[in-house]
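As the structure is a computational prediction, the values presented were derived from the model and not from experiment. Only this structure's heavy atoms are used, side chains among them; waters, hydrogens and symmetry mates stay out. Numbered from 1 within each chain, the chains take letters A, B, ... in sequence-line order.
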Amino acid sequence: NAGVTQTPKFRVLKTGQSMTLLCAQDMNHEYMYWYRQDPGMGLRLIHYSVGEGTTAKGEVPDGYNVSRLKKQNFLLGLESAAPSQTSVYFCASRQGAEAFFGQGTRLTVV
Amino acid sequence: KQEVTQIPAALSVPEGENLVLNCSFTDSAIYNLQWFRQDPGKGLTSLLLIQSSQREQTSGRLNASLDKSSGRSTLYIAASQPGDSATYLCAVTPITSGTYKYIFGTGTRLKVLA
């Protein structure tokens with residue numbers, strides 16, 4: 001049982017480059033989330049989705065876009081990466097009370 | 001706006017000690033509270049989930065309590081072991097969120113010394 005899988009696990013980008021982070025869940029959950037984790041700031045919500053075809057902004061959405069074309073996948077895009085987007089990104093899915101998290105993507109923007 | 005605070009930010013204890021980690025939140029209107037463990041460079045592992053109607057949950061050496069009226073939760077770890085060394089995060093789901101969004105604390109980094 002895979003749960004929540006994130007790809008890639010590590011990535012280094014140059015300022016201005018673009019990339020897409022993929023989150024896949026095999027639990028048929030409706031809700032999916034993207035968080036970023038920075039030292040001393042905890043996890044902050046970037047975007048979320050309440051079902052296939054839906055997306056909404058979280059606490060820190062600027063500089064990111066998302067898509068949920070299939071229920072099991074939630075994509076996070078960076079159109080023009082900035083050093084301030086250096087962080088660890090976590091995806092989560094949820095159905096009911098409990099959420100399940102992926103292992104994270106460590107992104108460095110130089 | 002819901003805020004979640006965890007004190008202390010870091011804790012170092014000798015092996016075998018019983019310890020308590022604290023989590024406080026500003027708005028008692030929550031669906032539930034969840035405790036997670038995060039190992040360095042890893043994702044979050046769920047430890048205990050307490051629904052708003054519950055007072056505590058137990059799993060092995062872990063016991064979590066919830067006092068909604070005072071906006072507090074504690075995670076009790078009995079007979080700590082070096083393998084318990086990790087960062088512990090608490091998160092609440094505000095009722096006002098409507099979409100089951102978590103609000104996280106900044107965590108307590110625990111080190112258990114052998």
> So which part of B:I103 gets closer than 4.5 Å to some heavy atom of chain A, the side chain, the backbone, both or neither?
Replying inline: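 For B:I103, there is no contact with chain A at all, as no heavy atom is under 4.5 Å.
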> Side chain, backbone, both or neither: which part of B:L44 has a heavy atom under 4.5 Å from chain A?
Replying inline: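 Contact with chain A involves both backbone and side-chain atoms of B:L44.
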> Counting only heavy atoms not in B:R61, do more than 12 sit closer than 6.0 Å to its CZ atom?
Replying inline: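 Yes, CZ of B:R61 has more than 12 neighbouring heavy atoms, counting only those of other groups under 6.0 Å.
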>> Quick check on B:E15: does its CD atom have over 12 non-hydrogen neighbours (other residues, nucleotides or ligands) under 6.0 Å away?
In response: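 Yes - once you tally the heavy atoms of other residues, nucleotides and ligands closer than 6.0 Å, there are more than 12.
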Single-linkage hydrophobic cluster, 4.5 Å side-chain cutoff, [X] and [Y] together:
X: A:L45; Y: A:Y64; value: no
X: B:L47; Y: B:V112; value: yes
X: A:I46; Y: A:F74; value: yes
X: B:I77; Y: B:L89; value: no
X: B:L21; Y: B:L66; value: yes

Can you say whether [X] sits under 4.5 Å from chain B via the side chain, the backbone, both, or neither, judging by heavy atoms?
X: A:E30; answer: neither
X: A:L43; answer: both
X: A:A92; answer: neither
X: A:R44; answer: neither

>> Is there a side-chain contact between A:Q37 and B:Q38 in this structure, where contact means two heavy atoms from C-beta onward sitting under 4.5 Å apart?
In response: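 The answer is yes, as the side chains (C-beta and beyond) meet within the 4.5 Å cut-off.
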> Do the non-hydrogen side-chain atoms of B:Y102 and A:R94 ever get within less than 4.5 Å of each other?
Replying inline: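 Yes. Closest side-chain heavy atoms under 4.5 Å.
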> Closest heavy-atom contact between A:Y35 and B:K101?
Replying inline: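 Nearest pair, atom of A:Y35 first, then B:K101: OH-C, 4.3 Å.
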> Are A:F101 and B:F36 near enough that their ring centres are under 6.0 Å apart?
Replying inline: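 Close enough - the centres of the two rings lie under 6.0 Å apart.
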> Roughly how far apart are B:K42 NZ and A:Q103 CD, rounded to 0.5 Å?
Replying inline: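 With rounding to 0.5 Å, NZ (B:K42) is 6.5 Å from CD (A:Q103).
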